[in-house]
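Okay, structure first, notes after.
Remember, predicted model here, so these are calculated numbers, not experimental data. Every chain is numbered from 1, with letters handed out A, B, ... down the list of sequences.
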Amino acid sequence: MARSRTAIPAPRRPTLTVGYLLLASAGLASALWPVQSVEHATRPWQSLAWTGFFMLGGLASALGVITDRWLGELVGLPMLITVFAFYSVVAFSAGKLPSLAGGCFLLAVGVLLFVRWQQVWEVRRVAAAASPGR
Amino acid sequence: VDHVDLSTIFTLLLGGGAVATFTAIFKGVSALRSGANAHQRQVMDTLALTNQRVEERAVRAEGDRDFWHSTAAGYHFQLVQAGIAPNPTQPTPPSQRLLPPTLAGPSTTVDTA
């Protein structure tokens, strides 16, 4: 089968892998050394769920990219988007002007991850449309 | 915003994230069970191949169209050479038929005279 020009080019996959692994590492770090701002603004179970989403989302997405399976990012990215949306609300809720920049930055990362998720959703849609069971 | 409101917002965010994740799992697994290709690269390759086939089909259709165009022109020439006036004398392509008379080309009506 001919190689597609639209497929993710080879150099980008390692980059995505590194990015997702770094996010999973950030989740692990936040589990080992809890983030003060999150701990102060949320209840313990919320902080725990946030950390879990962070690690699982990063890990699922990284595994998906490493194994070239779209399911990994499809499942992992909603968790990561939630993590960044959650973190941005924490930053905004600090009520200080300096934290406004951090809140906007975190929300922007979440939005960019959502764009990536839309691409993966499209891959799923195309794969489902071309499936023999349809 | 007091602490209670913020806590509700956080709960809603986490709940929404959990629902989105489970929906993604359900949709993804359903697609895979129906036989969808699990590998992203292969999906993209299939898409590229489909596009390539559509392009090839379009090129073939254009070739056929040009062939029949020149064939018709040849018949027209033969008729004129044999002293027969082709009917209609000035055929109008379909794209011109829906235009108002001022913009349209020659008449589409068949010359019965």
TODO: Could you tell me whether A:Leu32 atom CG has more than 12 heavy atoms of other residues or ligands within 6.0 Å of it?
DONE: yes

Open item on the list: Could you work out, with side-chain contact (heavy atoms from CB on, under 4.5 Å) as the rule, every residue matching B:Thr11, not counting sequence neighbours?
Closed with: A:Trp45, A:Gln46, B:Ser7

Task: When A:Val89, A:Ile81, A:Thr67, A:Val65 are compared by non-hydrogen pairs under 4.5 Å with chain B, the top option - done: A:Val89

Open item on the list: Minimum heavy-atom separation for A:Val123 and B:Met44, please, with both atom names.
Closed with: CG2-SD, 3.9 Å

Open item on the list: Are A:Val83 and A:Phe114 connected into the same hydrophobic cluster when the rule is that any two of I, L, V, M, F, W, Y join if their side-chain heavy atoms are below 4.5 Å apart?
Closed with: yes

- [ ] Among A:Leu77, A:Asp68, A:Thr82, single out the residue with the greatest number of heavy-atom pairs under 4.5 Å to chain B.
- [x] A:Asp68

Task: Reported CZ-to-OG distance for the pair B:Phe10 and A:Ser93, which is rounded to 0.5 angstrom - done: 4.5 Å

Open item on the list: Is there a continuous path of hydrophobic side-chain contacts, each under 4.5 Å between heavy atoms, that joins A:Leu80 to A:Val35?
Closed with: yes

- [ ] Could you list the residues that satisfy side-chain contact (heavy atoms from CB on, under 4.5 Å) with A:Leu56, not counting sequence neighbours?
- [x] A:Met79

TODO: Could you grab the distance from atom CD of B:Gln40 to atom CG of A:Leu74, nearest 0.5 Å is fine?
DONE: 10.5 Å

- [ ] Could you check if a side-chain atom of B:Asn37 sits within less than 4.5 angstrom of a side-chain atom of A:Trp70, using non-hydrogen atoms only?
- [x] no

- [ ] Determine which residues belonging to residues 61-69 of chain B lie within contact range of chain A, meaning some heavy atom pair is under 4.5 Å apart, and list them by number or answer 'none'.
- [x] none

Task: A:Trp117 with A:Phe54, same ILVMFWY side-chain cluster at under 4.5 Å - done: yes

Task: Any residue of residues 12-29 of chain B which, by heavy atoms, sits under 4.5 Å from chain A - done: B:Leu13, B:Leu14, B:Gly17, B:Ala18, B:Ala20, B:Thr21, B:Ala24, B:Ile25, B:Lys27, B:Gly28, B:Val29

Open item on the list: Report which part of A:Phe86 has an atom under 4.5 Å of a heavy atom belonging to chain B: side chain, backbone, both, or neither.
Closed with: both

